There are 2 protein chains.
Amino acid sequence: MNKLPTIKEIAKRLNVSVSTVSRALRDHPSIGLVTTMRVQKVAKEIGYEVNRSAIHFKERKTYSIGVVLPSLSEPFFSAALTGVEDAAEANNYNVIIGQSLENFEREKRIVENMKDHRVDGILVSLTKETSTYDHFDNLKKYNIPVVFFDRVPNKRDINFVSCNLHSGMLQAISKLVSMGHKRIGLINGPAKLAATRQRLQIYASCLKENQLVLEQDIIVSTDLSKAGNLKAIHKLIALDESPTAVIVFNDYVLLDCIAAVKAAGLKVNSDISFVSFANLPIWEYMDSLPLASIEQFAYRQSSMAAEFLFKLINNAAIPGATELPPLQHIIDSEMVLYHSAK
Amino acid sequence: MNKLPTIKEIAKRLNVSVSTVSRALRDHPSIGLVTTMRVQKVAKEIGYEVNRSAIHFKERKTYSIGVVLPSLSEPFFSAALTGVEDAAEANNYNVIIGQSLENFEREKRIVENMKDHRVDGILVSLTKETSTYDHFDNLKKYNIPVVFFDRVPNKRDINFVSCNLHSGMLQAISKLVSMGHKRIGLINGPAKLAATRQRLQIYASCLKENQLVLEQDIIVSTDLSKAGNLKAIHKLIALDESPTAVIVFNDYVLLDCIAAVKAAGLKVNSDISFVSFANLPIWEYMDSLPLASIEQFAYRQSSMAAEFLFKLINNAAIPGATELPPLQHIIDSEMVLYHSAK
DNA sequence: TTGTAGGCGTTATCAA
DNA sequence: TTGATAACGCCTACAA
């Protein structure tokens with residue numbers, strides 16, 4: 001347990017006071033040039049480095065932020081994390097990671113743990129299960145700012161960056177209509193999810209904007225399990241008059257749908273076309289892929305959220321500073337068209 | 001900037017000393033039951049929570065470990081991270097993440113930064129570019145233990161968990177031979193990579209163990225770029241006598257190979273079979289997939305590495321403890337056979 | 001059973 | 001230009 005050198009050590013060697021050393025190390029103008037040089041020389045010799053824990057303690061800051069997100073196995077979130085890392089590096093911050101794995105209790109534990117570690121701020125993308133936000137509200141007491149991204153609470157007075165699916169979906173449905181599609185179905189998620197209500201609403205409005213009527217029989221839902229996905233798509237292809245195109249809750253659901261469709265002897269993009277959400281990088285290598293994906297800009301969302309978080313943190317450090325207006329930014333999604341002719 | 005309650009505050013309220021409070025809060029036996037109760041009651045009332053930064057500072061520990069890995073967009077590493085997180089949670093530790101993105105300089109910066117933050121230990125899976133290890137050796141000075149996993153340095157006196165590709169490759173090649181394959185090619189990586197030399201050596205020995213001779217014309221290499229991948233596979237299928245099976249450097253290379261093979265009008269798993277490394281979860285959904293993957297147990301490797309790291313950390317905290325023997329554990333890989341009849 | 005005092009490493013304030 | 005000292009929050013050896 002040999003201790004690392006401290007300014008005290010340097011002070012002793014040079015027979016000066018610790019305050020002189022402290023100042024000399026940071027080139028404080030009040031310290032004479034000779035002294036400064038001597039101090040810095042010795043510091044280098046004995047391999048002195050400032051003990052950040054001491055500073056953190058003194059400044060009541062840890063120079064680390066927490067990131068809570070569902071799962072890094074989703075390319076969307078690993079891209080998002082890269083955005084956070086980049087912003088953190090630019091601000092000299094560390095990133096503490098926590099995967100909630102879509103588990104509400106785990107999310108709570110992670111947040112609690114980050115709070116205990118006194119992170120200076122937290123970025124969050126919610127679990128699918130999350131519908132109460134006490135564990136985040138609680139952070140106010142500790143002056144830990146929170147910025148949400150992508151999966152954000154349905155709640156006022158929060159900071160967030162999210163993505164407006166309407167723009168992308170409208171582009172997609174318009175494209176489908178221009179290609180002659182008239183019956184465009186929807187495979188939605190479980191009713192309890194906010195994302196589900198959102199998808200339905202946007203779907204309805206996009207149909208309307210294209211002068212199509214909403215038909216209940218081509219709207220089905222899945223519980224996001226493989227079985228649920230298969231059941232949903234089978235319901236659609238079993239219809240007397242199946243939809244010729246389907247908007248699918250997300251890419252993972254779509255993978256199962258494509259398998260089912262092919263097993264049923266149908267051809268993707270000719271018998272039935274798909275549009276989905278997420279933009280898996282792997283589509284590039286698949287034989288059957290959606291006509292289009294709705295790009296939601298993971299990196300952009302997360303880095304924007306991170307940058308605002310740092311603004312909040314830095315602003316709080318200024319004594320008399322006025323509070324920043326909340327960030328409530330919504331990025332427009334965009335349709336990404338794939339070459340369906342592979 | 002309203003400060004959080006401290007033990008001092010509690011002490012003042014109850015007219016006892018801070019040491020009494022400190023002890024009472026941790027149920028120290030020397031403190032009377034009444035006092036203990038009174039202290040804990042007030043603590044609860046004013047919402048006291050211990051300031052970990054102060055403890056960290058005092059104990060010269062941060063209760064966080066760093067994880068440096070190439071890229072979380074690879075499912076292998078995101079699985080590995082989950083292993084680390086689970087081990088960290090069990091040990092009441094935080095995980096600071098750093099993606100090196102296969103960039104040596106970035107790896108160095110991350111390690112430097114983690115050192116500055118005085119993490120209690122570091123887990124590393126190296127960049128493909130990394131061939132010098134000074135930035136890790138340097139950590140000894142700060143008593144920061146390092147454990148490597150999967151992509152480990154070629155060096156003695158380090159702690160690591162890695163995966164022995166031989167076992168899996170032998171299973172795969174034996175399987176291929178049992179299916180009648182006699183010409184089994186290899187698409188290897190760039191020469192400068194340790195993994196490349198390793199693949200070649202294992203490939204050679206597995207052929208030998210199956211009484212096959214090494215044929216240079218069916219050994220090609222790629223620089224891992226898309227163009228390189230395509231060039232490599234084209235070289236093989238352009239041969240007068242093409243191999244009927246090919247061992248491929250990794251799944252990402254294989255994706256390009258499969259595309260090329262299909263474009264050339266060949267059928268995967270009948271005209272040509274593949275075996276690859278990584279075990280992408282997505283294969284399940286692909287039309288053309290390798291005959292088998294070599295499973296390398298990301299979660300198992302990383303959690304084993306993490307657990308040992310915590311042992312090191314805890315051991316170092318015991319004053320007179322003898323140093324632990326280094327961990328140099330090698331897990332056997334395993335062939336995972338896919339149902340090629342989809 | 002409880003209190004006092006010192007220390008962890010650094011910086012800021014005030015004094016010299 | 002430099003030094004002494006207090007403070008950050010907590011713990012602990014020693015004293016009472």
Side-chain angles (χ1 to χ4, degrees), chain A residues 1-40 42-43 46-63 115-118 120 142-143 316-319, chain B residues 1-40 42-43 46-63 115-118 120 142-143 317 319:
Chain A
M1 266 314 250
N2 44 352
K3 290 171 39 181
L4 297 172
T6 68
I7 49 172
K8 225 185 243 173
E9 174 73 18
I10 301 176
K12 206 180 288 168
R13 294 210 183 199
L14 289 169
N15 255 314
V16 293
S17 75
V18 287
S19 32
T20 302
V21 176
S22 170
R23 285 184 279 233
L25 287 171
R26 288 169 307 139
D27 289 310
H28 193 285
S30 79
I31 302 295
L33 190 58
V34 255
T35 319
T36 302
M37 302 274 276
R38 292 203 318 142
V39 167
Q40 297 192 351
V42 173
I46 66 176
Y48 168 82
E49 276 173 74
V50 10
N51 178 337
R52 292 227 215 169
S53 291
I55 311 247
H56 295 171
F57 167 52
K58 199 173 159 45
E59 293 189 353
R60 295 199 199 81
K61 289 179 88 176
T62 56
Y63 291 93
K115 181 214 71 185
D116 284 347
H117 264 258
R118 295 280 202 273
D120 294 346
Y142 304 94
N143 296 313
I318 304 169
Chain B
M1 264 318 248
N2 43 353
K3 292 172 38 185
L4 297 172
T6 70
I7 51 172
K8 223 185 246 174
E9 173 72 18
I10 301 177
K12 203 180 291 169
R13 293 210 184 201
L14 289 169
N15 255 314
V16 294
S17 75
V18 287
S19 42
T20 303
V21 175
S22 170
R23 283 183 280 233
L25 286 172
R26 287 168 309 134
D27 290 310
H28 193 284
S30 80
I31 301 295
L33 189 59
V34 257
T35 320
T36 301
M37 301 275 276
R38 290 202 321 142
V39 167
Q40 297 193 348
V42 173
I46 67 175
Y48 168 82
E49 277 173 73
V50 355
N51 178 337
R52 292 226 215 169
S53 291
I55 310 249
H56 297 170
F57 167 52
K58 196 173 161 45
E59 295 188 353
R60 296 198 200 84
K61 289 179 87 177
T62 56
Y63 290 93
K115 181 216 74 188
D116 284 346
H117 263 258
R118 295 280 204 274
D120 294 346
Y142 304 94
N143 297 312

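Reckoned from all heavy atoms, side chains included, excluding hydrogens, waters and symmetry mates. If you're wondering where the values come from, they're calculated on a predicted model, not measured in any experiment.
Although no hydrogens or angles enter the test, the distance criterion places no donor-acceptor pair under 3.5 Å between the side chain of B:R13 and the main chain of B:E9. The backbone N or O of B:A24 sits less than 3.5 Å from a side-chain atom of B:Q40, completing a donor-acceptor pair.
Remark: aromatic rings of B:H56 and B:Y63 are close, center separation under 6.0 Å.
Taking CD of A:E59 as the start and CZ of A:R52 as the end, the distance is 10.5 Å to the nearest 0.5 Å.
In this structure, the NZ atom of B:K8 is 16 Å from the C1' atom of C:dG3, given to the nearest Å. One atom, NZ of A:K3, and another, P of C:dT10, lie 10 Å apart when rounded to the nearest Å. The distance between atom CD1 of A:I10 and atom C1' of C:dG9, rounded to the nearest whole Å, is 12 Å. Remark: P of C:dG6 and CZ of B:F57 are 17 Å apart, rounded to the nearest angstrom. Computed from coordinates, the A:K58 NZ to C:dT11 P distance equals 8 Å when rounded to whole Å. In this structure, B:E59 places its CD atom 11 Å from C1' of C:dC8, rounding to the nearest Å. Atom pair B:L14:CG and C:dT2:P shows a separation of 12 Å (rounding to whole Å applied). Taking atom NE2 of A:H56 as the reference point, atom C1' of C:dT10 lies 12 Å away to the nearest angstrom.
Residues A:L4 and B:R118 form a side-chain contact, since some pair of their non-hydrogen atoms from C-beta on lies under 4.5 Å apart. Under the 4.5 Å side-chain criterion, counting only non-hydrogen atoms from C-beta, A:I46 is in contact with A:I10.
Here B:I55 lies in heavy-atom contact (under 4.0 Å) with sugar-phosphate atoms only.
Scanning residues 21-38 of chain B for heavy-atom distances under 4.0 Å to DNA chain D yields B:S22, B:R23, B:R26.
In summary, of the residues considered (A:T35, A:T6, A:I7), a side chain to side chain contact (heavy atoms under 4.5 Å, CB included) with A:V21 occurs for A:I7 alone.
The heavy-atom pair separating B:I31 from B:T36 by the smallest distance is CG2-OG1, 3.3 Å. When every heavy atom of A:A11 is checked against every heavy atom of A:S17, the shortest pair comes out as CB-C, 3.9 Å.
Between chain A and DNA chain D, the heavy-atom contact criterion of under 4.0 Å yields a 5' to 3' nucleotide range of D:dT1 to D:dG9.
At a cut-off of 3.5 angstrom, counting only N and O atoms as typed in the model, there is no donor on one side facing an acceptor on the other between the side-chain of B:T20 and the base of C:dT1.
Between B:A54 and B:N15, the one whose closest nucleotide on DNA chain C sits nearer the 5' end is B:N15.
Distances shown here put every side-chain N or O of A:R52 at or beyond 4.0 Å from the OP1 or OP2 atom of C:dT10. The phosphate of C:dG3 has OP1 or OP2 within less than 4.0 Å of a side-chain N or O from B:S17.
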